[in-house]
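Each remark here refers to the structure printed beneath this line.
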Amino acid sequence: MKPIRKQHPGTADLQRLFDRLLAAYGPQHWWPAESDFEMIVGAILTQNTAWRNVETALDKMKLEQIWSWDAVLEVPVETLAEVIRPSGYFNQKARKIKLFAYFLDREFERSTDSLFQVPLPDLRDLLLAQWGIGPETADDIILYAAKKPVFVIDNYTRRLTTRLGWEVLPPDYEGHRAMFESLLRPNAEMYGEYHALIDHHCNGTCTKTPKCGDCPIADICEMGRAFKG
DNA sequence: TACCAGGTGACTG
DNA sequence: CAGTCACATGGT
């Protein structure tokens, strides 16, 4: 395999990638949740976990009627852990959900409505200060629940930029976020679609061992072009 | 059967 | 500050 040549992307590259992914896959309409509560709990449950396992856990929570911050505050953490078992890391995640409920209860009248009135970047710092909420989960919440324009980065995003041949400095989470947010107009709706499209693409085609032969954007990708020869 | 999935925090040198 | 590890289930 020949090495991938790297170049700094510009606004046109980011816009083209978005347009091509949208044309290939259509709108994804993320996040799949009917309330801020479901969205935030789902964001915690999906940490390093396949979404289908999260769905099983969410279904069980609903069935057990643990389906509000009030209900989370009521239930023992051991019980919650057992209910969300299918999502994996269930002891840690039960604690994370409980702690988030305590946080809302303590500082925001048990409501995400009042939390989301906090402007950026304070809102982001506040979320990151909570145990169990790292950069991706914080940005998921800000983008898909609070609907404010932060660009969510994940392992899929980093995998894709690497294969596209995009130089991103620094190559970590904040470097990627700064790159997307500095080159794109802040638009929560578009950011949400963009991240969802990247996820869908990396889930089905740009997988760990990529399927470049089936890739709809191989022509704009360093690895895709190398594959085609 | 080993590897992977929409990360995060603790610990180490 | 950068590496390494624990956390855990279900699908392929």
Side-chain angles (χ1 to χ4, degrees), chain A residues 17-18 21 25 27-34 36-61 63-64 77-103 124-147 150-163 168-177 180 188 190-211 214:
Chain A
L17 175 63
F18 177 73
L21 289 174
Y25 302 119
Q28 302 298 301
H29 305 300
W30 268 21
W31 186 284
E34 293 182 355
D36 288 352
F37 171 81
E38 182 180 356
M39 191 275 133
I40 291 168
V41 171
I44 291 170
L45 293 182
T46 200
Q47 290 172 358
N48 201 37
T49 300
W51 181 254
R52 58 179 170 276
N53 292 354
V54 176
E55 286 183 314
T56 308
L58 288 172
D59 288 346
K60 284 190 67 187
M61 281 182 69
L63 200 64
E64 299 294 328
V77 68
E78 297 84 2
T79 306
L80 179 57
E82 204 49 46
V83 170
I84 64 170
R85 175 181 277 274
S87 75
Y89 308 125
F90 49 86
N91 288 314
Q92 285 205 348
K93 286 173 177 175
R95 181 165 170 226
K96 292 175 183 181
I97 293 166
K98 285 286 276 186
L99 285 171
F100 199 87
Y102 288 138
F103 162 65
R124 190 167 193 270
D125 294 337
L126 204 46
L127 290 169
L128 287 174
Q130 308 314 309
W131 190 88
I133 308 296
E136 185 184 343
T137 306
D139 289 342
D140 277 337
I141 293 169
I142 295 166
L143 180 61
Y144 292 111
K147 304 194 185 306
V150 295
F151 203 98
V152 177
I153 306 301
D154 57 8
N155 284 325
Y156 286 157
T157 312
R158 285 181 283 254
R159 179 199 292 166
L160 182 58
T161 59
T162 301
R163 291 178 176 172
V168 182
L169 294 175
D172 60 7
Y173 190 100
E174 287 305 322
H176 274 74
R177 191 167 74 89
F180 279 97
M190 186 268 282
Y191 282 11
E193 269 307 324
Y194 207 150
H195 174 67
L197 284 163
I198 290 172
D199 188 84
H200 183 78
H201 176 61
C202 291
N203 221 331
T205 304
C206 200
T207 43
K208 196 120 198 173
T209 57
K211 306 178 171 82
D214 299 326

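In the model, A:K93 has a side-chain atom that pairs as donor or acceptor with a side-chain atom of A:T49 under 3.5 Å. Between the side chains of A:T157 and A:D154, at least one donor N or O lies within less than 3.5 Å of an accepting N or O.
To the nearest whole angstrom, the two P atoms, one in B:dT1 and one in C:dA8, are 23 Å apart. The separation of B:dG7 from C:dT12, taken at their C1' atoms, amounts to 22 Å, rounded to a whole angstrom. A distance of about 15 Å separates the P atoms of B:dC3 and C:dC5, rounded to the whole Å.
In this structure A:R158 satisfies the salt bridge (charged side-chain N to carboxylate O under 4.0 Å, His left out) test with no other residue, sequence neighbours excluded. With sequence neighbours excluded, the residues that form a salt bridge (charged side-chain N to carboxylate O under 4.0 Å, His left out) with A:E174 are A:R124, A:R177.
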- prompt: What is the per-nucleotide protein-contact pattern of nucleotides 8-13 of chain B, from the 5' end, where B denotes a base atom under 4.0 Å from a protein heavy atom, S denotes such proximity for sugar-phosphate atoms only, and - denotes neither?
  reply: SSS---
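Across residues 195-208 of chain A, A:D199, A:N203, A:K208 each have a non-hydrogen atom less than 4.0 Å from an atom of DNA chain B (numbered order).
Residue pairs satisfying the salt bridge (Lys or Arg N to Asp or Glu O under 4.0 Å) criterion with at least one member in residues 82-91 of chain A, sequence neighbours excluded, are listed as follows: A:E82-A:R85.
Bounding nucleotides for the chain A contact on DNA chain C, 5' to 3', at a heavy-atom distance below 4.0 Å, are C:dC7 to C:dG11.
Between atom SG of residue A:C202 and atom CZ of residue A:R163 there is a gap of 7.5 Å, rounded to the nearest 0.5 Å.
Residue contacts for A:F90: at a heavy-atom cut-off of 4.0 Å it reaches the sugar-phosphate backbone alone, with no base atom in range.
Within the 4.5 Å cutoff, the side chain of A:F37 has heavy atoms near those of the A:M61 side chain.
A centroid separation of 6.0 Å or more is found between the aromatic rings of A:Y191 and A:Y194.
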